[in-house]
Number of protein chains: 2
Amino acid sequence: MPEATGARARQREQTRRTLLREGRRLFAAHGYADVSLSGIVAAARVTKGALYHHFDGKPALFRAVLDEVQEEVADAVAATADAEPDPWDRLTAGCRAFLAAATAPGVRRIMLVDGPAVLGWSAWREMDEANSARHLADALAGLAASGVLADRPVEPAARLLSGAMNEAALWLADPRAPGDPDAVWEALEPMLESLRASRGPDADR
Amino acid sequence: MPEATGARARQREQTRRTLLREGRRLFAAHGYADVSLSGIVAAARVTKGALYHHFDGKPALFRAVLDEVQEEVADAVAATADAEPDPWDRLTAGCRAFLAAATAPGVRRIMLVDGPAVLGWSAWREMDEANSARHLADALAGLAASGVLADRPVEPAARLLSGAMNEAALWLADPRAPGDPDAVWEALEPMLESLRASRGPDADR
DNA sequence: TAATTCGCATACCGCTGGTATGTGAAAGGA
DNA sequence: TCCTTTCACATACCAGCGGTATGCGAATTA
């Protein structure tokens with residue numbers, strides 16, 4: 001799919017990718033509001049004509065960038081989680097991987113700060129759900145199916161955990177007073193544990 | 001303090017309050033980015049000269065609005081919590097009150113969506129800490145002091161809970177697919193319970 | 001009542017996101 | 001091969017934005 005045969009199609013793809021790359025770099029560094037389209041097209045060595053040929057406007061470019069970021073985070077989480085055989089380890093390892101990925105400089109601001117404000121919370125939530133947050137819900141659903149979790153609905157728990165981890169990521173990567181990773185994890189782990197079935201270590205069945 | 005004696009001082013206060021009121025209304029309804037200063041001053045029946053006489057610019061006006069909103073939420077939380085004699089009930093009642101206050105139409109978008117993006121996450125966090133989030137940390141600290149909580153540091157737990165509740169508020173008041181309050185609470189309560197000391201219902205001491 | 005203050009209005013500016021149109025090289029047909 | 005069409009992008013332009021400099025008149029003060 002990324003392959004392009006014609007000379008024109010190849011150039012087109014490269015221009016598009018350059019715009020996404022420079023847009024992401026500038027959005028991450030200065031924030032959505034403080035980045036102008038003029039700045040982006042100058043960094044990409046093209047003009048606004050090119051940008052509007054590829055994207056519908058500034059919010060659309062940001063959305064494409066965010067899509068890329070979300071996919072990147074989701075891939076990192078999935079790769080780490082899938083390496084764990086035990087379902088519970090998959091959950092904890094996935095959470096750790098999320099925190100690591102979401103605190104990356106090219107991710108944090110775009111995904112967690114500007115994302116909801118630019119696209120609106122509902123649209124942002126849909127994207128988040130379709131990507132990284134989905135893995136969390138999946139992991140919880142898997143655990144629930146095997147009786148490890150209390151038989152409460154998993155969706156609310158997944159959302160609250162997602163919110164907690166987003167906040168954790170923002171704190172861990174706070175440029176002013178970054179949080180302590182160990183302290184965060186020691187607060188997060190009991191929250192995960194609280195989801196376990198109250199009936200001893202193994203339920204019937 | 002709100003009293004003003006001179007005719008000029010009274011007019012000044014009224015203009016300032018009108019700007020804050022209309023600014024808050026428009027920010028809450030359309031979002032920070034989609035509200036122009038022209039729109040605000042037109043709604044307030046003044047001109048930009050008045051606005052810039054009272055505030056340093058658009059972000060400064062927003063910050064003043066957010067300050068008002070935060071204080072309002074903090075007051076509601078404190079009033080509800082303080083009515084409960086039992087420390088643990090103060091925590092849970094305070095959480096419920098926060099969810100109720102944060103989902104209000106004039107609060108949600110300003111405090112939870114645009115706030116971090118406009119002021120930057122660090123500055124937003126400072127304000128949040130100084131207002132509503134402080135009550136959560138205080139409640140946890142009080143419980144920790146009386147041995148009800150496990151003796152882990154309270155700050156990380158407070159932050160994660162704050163993140164979870166912010167997300168919960170956003171979900172509960174989602175205009176597209178609002179969350180179910182009961183489901184949210186049944187997911188949040190176990191998280192709070194998980195903070196309790198692991199030693200039986202009552203620790204030594 | 002003359003001088004001063006100051007709350008606000010008026011007029012203006014550079015820049016932004018967005019649009020309408022032009023253009024030249026690559027792709028396609030004879 | 002040459003002509004035509006396509007299309008990726010450049011150029012030129014615009015209304016509206018946040019922000020600034022200045023003017024003004026009523027309330028205050030001396």
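Just so it is clear: chains get the letters A, B, ... in the order the sequence lines come, proteins before strands, and each one is counted from 1.
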### Query
Who pairs with A:Arg159 by salt bridge (Lys or Arg N to Asp or Glu O under 4.0 Å), at least two apart in sequence or on another chain?
A:Glu129, A:Glu155
### Query
Rounded to whole angstrom units, what separation is found between the CD atom of B:Glu13 and the P atom of C:dC6?
16 Å
### Task
Specify the separation, in whole Å, of atom CG of B:Asp34 and atom P of D:dC17.
11 Å
## Note on the structure
Going 5' to 3' through nucleotides 8-21 of chain C and flagging B where a protein heavy-atom sits under 4.0 Å of the base, S where only the sugar-phosphate is that close, and - otherwise, we get BBB-----SBBB--
Kindly list each side-chain donor-acceptor pair under 3.5 angstrom involving residues 31-54 of chain B, sequence neighbours excluded, with atom names and distances?
| unit_1 | atom_1 | unit_2 | atom_2 | d |
| --- | --- | --- | --- | --- |
| B:Ser36 | OG | B:Gly39 | N | 3.0 |
| B:Thr47 | OG1 | B:Gly49 | N | 3.4 |
| B:His53 | NE2 | B:Arg12 | NH1 | 3.4 |

### Query
Over how many whole Å does the gap from A:Arg8 atom CZ to D:dC7 atom P extend?
6 Å
### Message
Run the salt bridge (Lys or Arg N to Asp or Glu O under 4.0 Å) test against B:Arg63 and tell me which residues pass, sequence neighbours left out.
### Response
none
#### Entry: salt bridge (Lys or Arg N to Asp or Glu O under 4.0 Å) involving B:Arg16 - partner list, sequence neighbours excluded
none
Going by atom type alone, with no hydrogens or angles, which donor-acceptor pairs under 3.5 Å involve a side-chain atom of residues 68-81 of chain B and a protein atom two or more places apart or on another chain?
| unit_1 | atom_1 | unit_2 | atom_2 | d |
| --- | --- | --- | --- | --- |
| B:Glu72 | OE1 | B:Arg24 | NH1 | 2.9 |
| B:Glu72 | OE1 | B:Arg24 | NH2 | 3.3 |
| B:Glu72 | OE2 | B:Arg24 | NH2 | 3.2 |
| B:Thr80 | OG1 | B:Ala76 | O | 3.0 |

